[in-house]
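First the proteins, then the strands, lettered A, B, ... as listed; each starts at 1.
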Protein chains: 2
Amino acid sequence: MTRENPTPAVRPLTLRDVSEASGVSEMTVSRVLRNRGDVSEATRAKVLEAAKTLGYVPNKIAGALASSRVNLVAVIIPSLSNMVFPEVMMGISQILEDTELQPVVGVTNYSPEREEKVLYEMLSWRPSGVIIAGLEHTEAAKAMLGASGIPIVEIMDVDGEPIDSMVGISHRRAGRHMATAIVEAGYQKIGFLGTKMPLDHRARKRFEGFTEALAKSGLEVADSEFYDGGSALLKGREMTQAILARSPELDFLYYSNDMIAAGGLLYLLEKGIDIPAQIGLAGFNGVELLDGLPRSLATMDAHRLDIGRAAAEIIARRVEDPTTPPGEVVVLKPSIDFGDTLKRVKKRPDL
Amino acid sequence: MTRENPTPAVRPLTLRDVSEASGVSEMTVSRVLRNRGDVSEATRAKVLEAAKTLGYVPNKIAGALASSRVNLVAVIIPSLSNMVFPEVMMGISQILEDTELQPVVGVTNYSPEREEKVLYEMLSWRPSGVIIAGLEHTEAAKAMLGASGIPIVEIMDVDGEPIDSMVGISHRRAGRHMATAIVEAGYQKIGFLGTKMPLDHRARKRFEGFTEALAKSGLEVADSEFYDGGSALLKGREMTQAILARSPELDFLYYSNDMIAAGGLLYLLEKGIDIPAQIGLAGFNGVELLDGLPRSLATMDAHRLDIGRAAAEIIARRVEDPTTPPGEVVVLKPSIDFGDTLKRVKKRPDL
DNA sequence: TTGAAAGCGCTAACAA
DNA sequence: TTGTTAGCGCTTTCAA
């Protein structure tokens, strides 16, 4: 079967094609297409017409090489599989939508080696900036970031030294803060349920802050349970059952994320446990999901959207005006949402 | 304060810098760095050493321009805010990890205009292939895809004509299939609860297939409820309450996604409704979350991971061997998971 | 096994 | 307002 192809795509079109079709020099075509420099309305119309009918799509590779300007912002995150990073992405997109900049996402699966590779790959496209999750990176990755000469924003965490700018919350403080609230509410036998992931530094820091604050009250984590992969809601159920089977005396369960906390909540409600009198519960993140649960779960909003927005704003500002000083630090302060699963004792505005 | 900068990042390093540092021609450095052509072990070592100590990161822009090869695959999806597209992304990543190709994500927020813009933006980087959600695009977008000359895979949906290849399920069939199962189970008064989004063509097609199959049994959707934004779990609760307040005679509720179905399930369980005897429920997607619910919800797996994998495989194959014929079509057939919320009547292997 | 020359498609800088 | 020239940093091609 022979068939006439209306748009034969043998060779991608170039500026030269548009130039020839419109009878205008390549340079002027380039100017029209980028809205640069003064071009008469007449030629402008001619060029636009030609470009449109030909279906010309500019070659950004050549443009970037010639101008050494790339409107890409590399965003490097550990995962897309829970709601936290997509929400950060939304914040970034919201801000970059009003600029020429475009986010490009790389996922590391919480692997430092993969992070290093993804970073190398992305830097080789010479982006205008980098937004990267966390403050912990391989030495090589830190060296690359430091030598890149572009704005770098490390996000989510502020417990450490940034390479350039950072935007986030203190997970140590978040852990401490929650521990204090739990102790003040009168709970004494506290269990911890979390992810096994040794490379989730933020979860680790929350845990460290948590135990540290408990210690100040002469308490320690009475029992703990860790998981790895699978449906978080289901794991929350299973771990809750397991930890209570082993340590029935527990009167509070602190979960490292809201999803497993929700699983625990559903389980305990089915068992007819009196929450928060008999057992109190708290999670972490403030995910939207929580709104539909039978009880409002105690949690702490990690300000993911704001983090994304603030990070993107830093990059946008630095690209817009390269004299903007680097090293900006934005620390967001999450507060506890007590919900229905953590006894509220008294206001402590000084926390 | 003055400070010595150990890695001054004035000008990004070039091949020339490595060439000078190693005393080897630029060409040979290039060969070493790309593992191309025969290079003696001695020079190879010298070059690698120099590149490493300098901290050289190749400039892919220049490389891509010179070789007209770009190892990027554009992935264009409507959203990251529910679990469905991230899971597709995982499938894509799993396959591309074993190749030189790298996915680059663009998000359209279900807007055709935005899709057109994102596509234009991505095509201007001359990617090696495009994976794009859905079969509905603006005329301009279709023209760009058709003229791009690269492999295009439209994913998720197979109810329509692809530009090149497509991988997905038939949402019409999915809707019909579920309707048939519901009718066979003996339900008669069926309510539909879904999203308001007029641009979610796949949800629309499921609904169309659903009503069509009901009609064949002389039934129609007795009442329906639509939502827009907010916590899906909460919306599921609210809509379920609303539809039952209005139409208490309903004996089945079909939800357009699992998250709102889960909200409905939790609500009905709290009300002490007998599921699936008094009211049956079904959702759509097969999200992992469901595993932790008090009852196993009836649903249909949309094969998101497989769709991502199959799409990436097509691109990888076509890039590897450009003579591979285009127009590949992969139709996945989802089956019903009856769970605990849809009465199972009999096996119908012929469906 | 190595090197030299040309050019990928565009834009900066300058000239007309 | 428009055009010409040179060159971005790399790879292809060809020669040594």
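- Residues passing the salt bridge (Lys or Arg N to Asp or Glu O under 4.0 Å) test with A/K117: none are found, sequence neighbours excluded.
- Annotation: proximity of residues 40-49 of chain A to DNA chain D (heavy atom, distance under 4.0 Å) is found for A/S40, A/T43, numbered in ascending order.
- Rounded to whole angstrom, the span from the CG atom of A/N59 across to the P atom of C/dC8 amounts to 12 Å.
- Using a 4.5 Å heavy-atom threshold, the side chains of B/R202 and B/V84 count as separate.
- Looking at heavy-atom distances under 4.0 Å, A/D38 makes contact with a base.
- For the helix from C/dT1-D/dA16 to C/dA16-D/dT1, the angle separating the two terminal helix axes comes to 30°, with each axis derived from five pairs and the value rounded to 10°.
- The side chain to side chain donor-acceptor pair (under 3.5 Å) search around B/R69 returns none, not counting sequence neighbours.
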All N/O donor-acceptor pairs, side-chain side in residues 151-164 of chain B, below 3.5 Å, sequence neighbours left out:
{"unit_1": "B/E154", "atom_1": "OE1", "unit_2": "B/I163", "atom_2": "N", "d": "2.6"}
{"unit_1": "B/E154", "atom_1": "OE2", "unit_2": "B/H137", "atom_2": "NE2", "d": "2.8"}
{"unit_1": "B/D157", "atom_1": "OD1", "unit_2": "B/D159", "atom_2": "N", "d": "2.9"}
{"unit_1": "B/D157", "atom_1": "OD2", "unit_2": "B/K205", "atom_2": "NZ", "d": "2.4"}
{"unit_1": "B/D159", "atom_1": "OD1", "unit_2": "B/S170", "atom_2": "OG", "d": "2.8"}
{"unit_1": "B/D159", "atom_1": "OD2", "unit_2": "B/S170", "atom_2": "OG", "d": "3.3"}
{"unit_1": "B/D159", "atom_1": "OD2", "unit_2": "B/H171", "atom_2": "N", "d": "3.1"}
{"unit_1": "B/D159", "atom_1": "OD2", "unit_2": "B/R172", "atom_2": "N", "d": "3.0"}
{"unit_1": "B/D164", "atom_1": "OD1", "unit_2": "B/R318", "atom_2": "NH1", "d": "3.4"}
{"unit_1": "B/D164", "atom_1": "OD1", "unit_2": "B/G327", "atom_2": "N", "d": "2.8"}
{"unit_1": "B/D164", "atom_1": "OD2", "unit_2": "B/I152", "atom_2": "N", "d": "3.0"}
{"unit_1": "B/D164", "atom_1": "OD2", "unit_2": "B/R318", "atom_2": "NH1", "d": "3.3"}
{"unit_1": "B/D164", "atom_1": "OD2", "unit_2": "B/R318", "atom_2": "NH2", "d": "3.1"}

Give each protein N/O atom lying under 3.5 Å from an N/O atom of nucleotides 11-15 of chain D, with the pair distance.
{"unit_1": "D/dT11", "atom_1": "OP1", "unit_2": "B/R34", "atom_2": "NE", "d": "3.2"}
{"unit_1": "D/dT11", "atom_1": "OP2", "unit_2": "B/S30", "atom_2": "OG", "d": "2.3"}
{"unit_1": "D/dT12", "atom_1": "OP1", "unit_2": "B/R69", "atom_2": "NH2", "d": "2.3"}
{"unit_1": "D/dT12", "atom_1": "OP2", "unit_2": "B/R34", "atom_2": "NH1", "d": "3.3"}

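- In this structure, CG of B/L65 is placed 9 Å from P of C/dC10, rounded to the nearest angstrom.
- Salt-bridge annotation for B/K142 and B/E139: present, with a side-chain N of the basic residue lying under 4.0 Å from a carboxylate O of the acidic one.
- Remark: A/T28 is in phosphate contact with D/dG3, judged by side-chain N or O atoms under 4.0 Å from OP1 or OP2.
- OP1 or OP2 of D/dG9 has not a single side-chain nitrogen or oxygen of B/Y56 nearer than 4.0 Å.
- Residue pairs meeting the salt bridge (charged side-chain N to carboxylate O under 4.0 Å, His left out) criterion with at least one partner in residues 13-33 of chain A, sequence neighbours excluded, are A/R11-A/D17, A/R16-A/E20, A/R16-A/E26.
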Return all side-chain donor-acceptor pairs below 3.5 angstrom for residues 118-125 of chain B, not counting sequence neighbours, or 'none' if the list is empty.
{"unit_1": "B/E121", "atom_1": "OE2", "unit_2": "A/K60", "atom_2": "NZ", "d": "2.5"}
{"unit_1": "B/S124", "atom_1": "OG", "unit_2": "B/E121", "atom_2": "O", "d": "2.6"}

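- Residues passing the side chain to side chain donor-acceptor pair (under 3.5 Å) test with B/E313, sequence neighbours excluded: none.
- A heavy atom lying under 4.0 Å from DNA chain D marks the following residues of residues 16-24 of chain A, by number: A/V24.
- Contacts of A/T324 classified as side chain to side chain donor-acceptor pair (under 3.5 Å), with partners at least two apart in sequence or in another chain: none.
- Scored by the side chain to side chain donor-acceptor pair (under 3.5 Å) test, A/T43 finds A/S40 as partners (sequence neighbours excluded).
- Contact of the B/V130 side chain with the B/I150 side chain is registered, since non-hydrogen atoms from C-beta on lie closer than 4.5 Å.
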